[in-house]
Structure formats: structure tokens, C-alpha cells
Participant: 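One structure is given below, represented as C-alpha cells, and several questions about it will come after.
Just so it is clear: chains get the letters A, B, ... in the order the sequence lines come, proteins before strands, and each one is counted from 1.
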There are 2 protein chains.
Amino acid sequence: MSPPKHRVIHAELLDRITSGAWPPGAAIPHEEELAREFAVTRPTIARAMADLVNEGLIERRRRAGSRVVERRPVEAVLRIPRVRAEIEASGRAYGYRLLRRALSDHSSPPPEDFRGAGLRLLCLHAADGRPFQLEDRWIDLASVPEAAGRDFAAEGPNEWLLDRVRFSRAAQELTAEAASAEEAELLGVAPGSPVFVVTRATWNGPAPVTRVRLVHPGAGFRLVAHDRAAGGAAG
Amino acid sequence: MSPPKHRVIHAELLDRITSGAWPPGAAIPHEEELAREFAVTRPTIARAMADLVNEGLIERRRRAGSRVVERRPVEAVLRIPRVRAEIEASGRAYGYRLLRRALSDHSSPPPEDFRGAGLRLLCLHAADGRPFQLEDRWIDLASVPEAAGRDFAAEGPNEWLLDRVRFSRAAQELTAEAASAEEAELLGVAPGSPVFVVTRATWNGPAPVTRVRLVHPGAGFRLVAHDRAAGGAAG
DNA sequence: AAGTGGTCTAGACCACTAG
DNA sequence: TAGTGGTCTAGACCACTTT
């Protein structure tokens with residue numbers, strides 16, 4: 001029925017921060033004092049404060065107390081969509097085509113840190129028949145041996161990997177580039193025109209799992225990011 | 001000295017997920033059972049599990065129990081750098097120039113949802129003398145009246161806002177576009193060449209605070225995103 | 001040296017929901 | 001309707017760090 005106390009307290013403290021009652025750098029009352037004010041026990045206050053820490057809004061140090069952060073980094077959470085789901089969710093028809101499938105060899109070596117042979121796949125994802133994403137992927141067969149037995153003719157490696165393979169760490173880079181001649185032709189855009197590129201590398205422990213470069217025609221493509229948390233400084 | 005129990009337990013549970021011992025969809029033992037296994041009380045288990053929920057790795061429902069999530073969305077945390085800090089951190093000289101400063105009027109209306117007059121600023125940030133970012137900003141003077149009294153000739157509005165003004169919500173979009181004639185000239189690139197554009201809107205409660213379009217030459221510019229959490233499925 | 005946050009326990013009640 | 005997670009209390013001990 002009623003919201004939990006720690007949540008009510010969290011909301012109240014949040015409001016004191018965003019309203020300016022507690023400006024950046026201001027000291028926040030001790031847990032014990034807040035416990036008295038809200039008529040709860042200290043662990044309940046601690047829970048609310050812990051959430052504020054997670055959201056990057058306050059800093060806490062033993063003996064020094066708690067403060068509103070001075071300069072909060074601008075952070076946003078980016079949700080990188082599954083191609084197929086993204087396209088179908090927008091009501092367009094999804095299309096997939098495998099353009100190339102090859103094992104690594106001396107003329108085409110895998111990424112440096114791969115543990116074993118690499119499987120390289122070049123795929124084109126389309127929305128309503130128009131090129132949407134060009135996927136250039138390497139899979140480390142030492143990490144994902146099952147991939148060697150799949151032809152990926154009907155299903156893209158993106159979806160297949162997402163549903164099967166675990167990872168522990170990923171790194172991503174976003175860039176705007178000029179389409180190469182090959183990319184331009186495959187994506188149906190003019191050579192040199194802007195493309196939005198997502199590069200993602202994935203590891204499981206120390207072992208590389210997969211590395212992919214996703215190229216989208218710049219026109220009409222956007223990545224939307226939402227807040228990591230509420231409150232803080234604006235820019 | 002020794003890490004807290006809830007952290008040790010969290011790490012162990014995480015390993016069972018990433019190692020495949022608990023594959024996606026698998027049921028996780030009840031809190032009580034885990035409490036026995038790790039020889040702690042139930043709240044300590046709850047703390048470790050809560051962290052896993054925050055990281056998007058497990059789902060919990062009353063009576064139904066806890067499960068490893070089936071399909072985890074690919075999420076990454078994007079840290080959008082402060083221009084000046086970013087440039088200086090890389091050892092380059094930071095340069096700033098105000099190109100235009102104007103109040104909104106009938107020929108140049110502010111963004112639709114602004115509550116009051118808008119202040120528009122066009123600024124160029126440079127690294128080692130070369131254009132790095134073109135900042136096209138609107139500030140809602142109803143939310144930030146102090147901005148009207150500043151000329152922004154020496155300091156960019158980005159930095160000024162970040163250190164002073166609070167917000168409660170932000171939305172961001174990332175796109176790759178072709179440089180317009182004006183942008184190309186100001187950035188010192190060829191018209192039509194790729195630029196990386198970040199668009200950010202910021203509110204405090206229901207009130208718009210600022211809206212900005214940041215344009216970077218595509219060549220050499222990249223945005224790096226790190227994991228939101230470890231574990232999950234790879235793609 | 002003292003004050004603060006970090007953690008943990010033991011026990012309890014409640015809300016939700018699957019069966 | 002019974003089992004599960006969600007929350008809270010009261011009390012305690014410890015680690016860290018500033019004074």
C-alpha cells in the first residue's frame with residue numbers, strides 16, 4: 001500500500017538536493033540525526049543514503065560525513081538495441097542476409113588478442129528492404145566453439161550470441177565516420193557519406209569472446225540515452 | 001581487512017552466473033537456503049541479491065523466487081566529458097571562443113517548451129588550436145535567470161552550467177550527420193563530411209533548463225562506453 | 001582519540017502471488 | 001493459502017579517517 005520508508009526518505013533527500021536546499025558541496029546530517037528526524041532506525045537511513053551514492057549524488061566518508069557531490073560527471077545509460085527487435089518494434093519488416101563467412105588464415109588474421117582461430121562474418125540487416133546495419137563480426141572459436149558448426153545463413157550471429165553466450169566485460173566505442181567504398185555500396189549510400197559506427201568488444205574473464213563493428217547509415221539513425229539517475233548538475 | 005560478506009557472496013553468485021553453472025532462466029535457491037549455505041543471515045543474502053538485481057542480472061518475484069534473466073538488454077554507461085577537462089587531460093591546449101550570443105525574439109524563437117525567454121549561445125571549443133566542438137546552446141532564462149547577466153566571453157556555458165545549475169532529468173541523442181555549410185566552415189572540415197552530434201535536453205522537474213547541440217568533427221572523435229555491470233549474454 | 005559510516009545479526013511482520 | 005521476497009527494528013561491533 002504505502003511506499004517503503006527507505007524510498008520515501010530517498011525521495012525527500014533527493015528533493016533537498018535538486019531543489020537547492022542542499023547545494024553541491026553541502027554537508028548532509030549524520031545518519032543518526034536523520035534517523036531521529038524521520039523516526040526510523042539507522043540502517044533504514046543507510047539504505048536510502050546508499051541509493052543516493054549509487055546514483056552518484058552524494059559522497060560519504062567515514063568520520064568526514066556525507067556531502068552532496070561537487071561536480072557530477074554527465075553520465076547516461078545507452079541501450080544498444082537488438083537489430084531484429086528494434087526493427088520489428090518499429091513496425092518495419094526485418095531482413096537478414098549473410099554476405100561472407102570465413103575462418104581466419106594468414107591473409108586474414110583474427111584480432112590480436114584472440115586465443116584461437118577466428119570466425120569472421122559479414123552480415124546485412126535491413127528494415128523494409130532498406131539496409132539498416134552492416135555487421136562485421138569476429139568470433140573467437142576458442143571461446144565459442146559451437147559457432148564453428150553454424151552457417152549463420154538464416155539467423156544473424158548477433159541474436160544467436162545474445163541468447164547463448166555469456167560475457168563478463170564489454171567495451172564499446174561510438175564514432176561518426178565516412179562510409180568506405182564497400183560500406184557505401186552495401187548500405188546503399190554515397191561513398192564518404194556519414195555513417196554511425198558502434199564497435200563492441202566482449203570478454204569472458206580474460207578470454208575474448210567476440211568483436212563487432214556495426215555500421216549504420218547516418219541518415220535516420222540515432223542512439224538514445226537516458227539518465228543514469230536523477231539530480232545533479234546540468235550541462 | 002577482509003571484504004564484506006555481502007560482497008563475497010555477490011562475487012560468488014556472479015561467478016555462478018557467468019560460468020554457466022546458473023544459465024539464463026535458471027532458478028536461484030531461496031534466500032533462506034543461501035543463508036544456510038554461506039552461514040549468514042537472510043538480510044545479508046538479500047543485500048547481495050539486491051546488487052545483482054541492480055545490475056540487471058537476476059529477476060525476483062515474491063512467491064515465484066529468483067531467476068537468472070533470460071535476455072539481458074545490452075546496456076552501457078556513457079560518460080559525456082566536459083570539453084575543457086577532456087582536452088586538457090589529453091595534454092592539449094584548450095581554446096574557447098564565443099561566436100554568437102543572442103536573446104530569443106520572433107525571428108529566432110526559443111525551443112517550444114521553454115517557459116520564458118531563451119538565451120542562445122554559439123561557441124567553439126578548440127584543442128591545440130584546432131576546432132574540437134561546436135556548441136549550439138539554448139538556456140531557458142526562466143530556469144536560469146543568472147545566465148542573462150553573463151556574457152560568456154571567457155568561459156563556456158557548458159562549464160558554467162555544470163558547476164551551478166541543478167537538473168533532475170536529461171535526455172540525450174547521438175547521431176552521425178553530414179556537416180552543414182556553416183558547421184563545416186566553423187569546424188574546419190569539408191561540407192558534408194561526417195560529424196558526431198550529441199543533443200542533450202535538461203529539465204529540473206517539469207521546467208526546461210537548457211538544450212544543446214554539440215557537433216564534433218568525425219575524424220578522431222570517439223565516445224567510449226563502459227559496462228553497466230558484469231555478466232550476462234554477449235552480442 | 002573520537003566520531004562517523006559500513007556491516008552484520010536475530011527476529012519479526014507484511015505484501016504479494018503462484019498454485 | 002502458503003511460501004517467497006521486501007522491509008524494518010534494535011542493537012552491536014568494527015574500520016577508517018579526520019582532528
Side-chain angles (χ1 to χ4, degrees), chain A residues 1-17 21-70 72 229 231-232, chain B residues 1-17 22-70 72 229 231:
Chain A
M1 197 67 172
S2 60
K5 294 186 183 181
H6 72 82
R7 200 168 288 282
V8 173
I9 295 168
H10 173 269
E12 167 62 20
L13 299 183
L14 181 64
D15 185 64
R16 293 184 188 177
I17 293 171
W22 290 345
I28 291 178
H30 316 152
E31 290 190 349
E32 202 179 346
E33 195 172 328
L34 290 172
R36 274 200 305 275
E37 176 187 344
F38 289 102
V40 297
T41 53
R42 201 164 71 89
T44 302
I45 296 293
R47 168 69 193 271
M49 302 278 267
D51 289 342
L52 290 174
V53 170
N54 278 339
E55 293 162 359
L57 290 173
I58 67 173
E59 288 170 340
R60 319 190 70 196
R61 270 184 307 178
R62 292 172 148 93
R63 170 75 199 190
S66 308
R67 305 190 154 274
V68 180
V69 297
E70 202 81 52
R72 188 164 74 113
Chain B
M1 196 67 175
S2 60
K5 294 186 184 181
H6 72 82
R7 199 168 289 282
V8 173
I9 295 168
H10 173 270
E12 168 62 20
L13 299 183
L14 181 63
D15 185 63
R16 293 184 188 177
I17 293 171
W22 290 345
I28 291 178
H30 316 150
E31 290 189 349
E32 202 179 347
E33 196 172 328
L34 290 171
R36 275 200 305 276
E37 177 188 344
F38 289 102
V40 297
T41 55
R42 201 164 70 87
T44 302
I45 296 293
R47 168 68 192 273
M49 301 278 267
D51 289 342
L52 291 174
V53 170
N54 277 340
E55 293 162 359
L57 290 173
I58 68 174
E59 288 169 342
R60 318 190 72 193
R61 270 183 308 180
R62 292 173 148 93
R63 170 75 197 189
S66 307
R67 304 191 155 275
V68 179
V69 297
E70 202 80 52
R72 188 163 75 111

Participant: Whole-Å distance between D:dT4 P and B:Arg60 CZ?
Facilitator: 12 Å

Participant: Tell me: NZ of B:Lys5 to P of D:dC13, nearest whole Å?
Facilitator: 15 Å

Participant: Given D:dT9, is OP1 or OP2 found less than 4.0 Å from the side-chain N or O atoms of A:Thr44?
Facilitator: yes

Participant: What is the distance, rounded to the nearest whole Å, between atom CG of A:Asp51 and atom P of C:dG6?
Facilitator: 13 Å

Participant: If you compare every side-chain N and O of A:His30 against the phosphate oxygens of C:dG5 (OP1, OP2), does one of them come in below 4.0 Å?
Facilitator: no

Participant: Which whole-number value in Å describes the distance from A:Phe38 CZ to D:dC8 P?
Facilitator: 13 Å

Participant: Apply side chain to side chain contact (heavy atoms under 4.5 Å, CB included) to residues A:Leu34 and A:Ile28 and explain how you reach the verdict.
Facilitator: CA-CA 9 Å; A:Leu34 290 172; A:Ile28 291 178; 4.1 Å; yes

Participant: Whole Å only: how far is the CD1 atom of A:Ile58 from the P atom of C:dG6?
Facilitator: 9 Å

Participant: Working to the nearest 0.5 Å, report the span between CD of A:Glu59 and CD of A:Glu70.
Facilitator: 8.5 Å

Participant: On DNA chain D, nearest-nucleotide positions of B:Ile28 versus B:Pro43: which is more 5'?
Facilitator: B:Ile28

Participant: So, the side chain of A:Arg60 versus the backbone of A:Ser66: is there a donor-acceptor pair under 3.5 Å, distance only?
Facilitator: no

Participant: So, is B:Ser66 near the phosphate of D:dT4, with a side-chain N or O under 4.0 Å from OP1 or OP2?
Facilitator: no

Participant: Nearest to the side chain of A:Thr41 - D:dT19, D:dA10, C:dT17?
Facilitator: D:dA10

Participant: So which nucleotide from C:dG19, D:dT9, C:dC8 ends up closest to the side chain of A:Val40?
Facilitator: D:dT9

Participant: So B:Arg42, base contact, sugar-phosphate only, or nothing? Heavy-atom distance under 4.0 Å.
Facilitator: base

Participant: Among C:dG3, C:dT9, C:dT17, which nucleotide sits nearest the side chain of B:Arg63?
Facilitator: C:dT17

Participant: For C:dA18, give its Watson-Crick or G-U wobble partner with both distances under 3.5 Å, or none.
Facilitator: D:dT1

Participant: Determine the sole option in A:Leu57, A:Val53, A:Ile58 for which the side-chain contact (heavy atoms from CB on, under 4.5 Å) test with A:Glu55 is passed.
Facilitator: A:Leu57

Participant: Assess whether atom CD of B:Glu32 is packed by more than 12 heavy atoms of other residues, nucleotides or ligands within 6.0 Å.
Facilitator: no

Participant: Out of C:dT7, C:dG19, D:dC8, which nucleotide sits closest to the side chain of B:Arg47?
Facilitator: C:dT7

Participant: Let me know the distance between CZ of B:Arg62 and C1' of D:dT1, rounded to the nearest Å.
Facilitator: 16 Å

Participant: How many whole angstroms separate atom CZ of B:Arg61 from atom P of C:dG19?
Facilitator: 10 Å

Participant: In this structure, how many angstroms lie between the P atom of C:dG11 and the CD atom of B:Glu32, rounded?
Facilitator: 13 Å

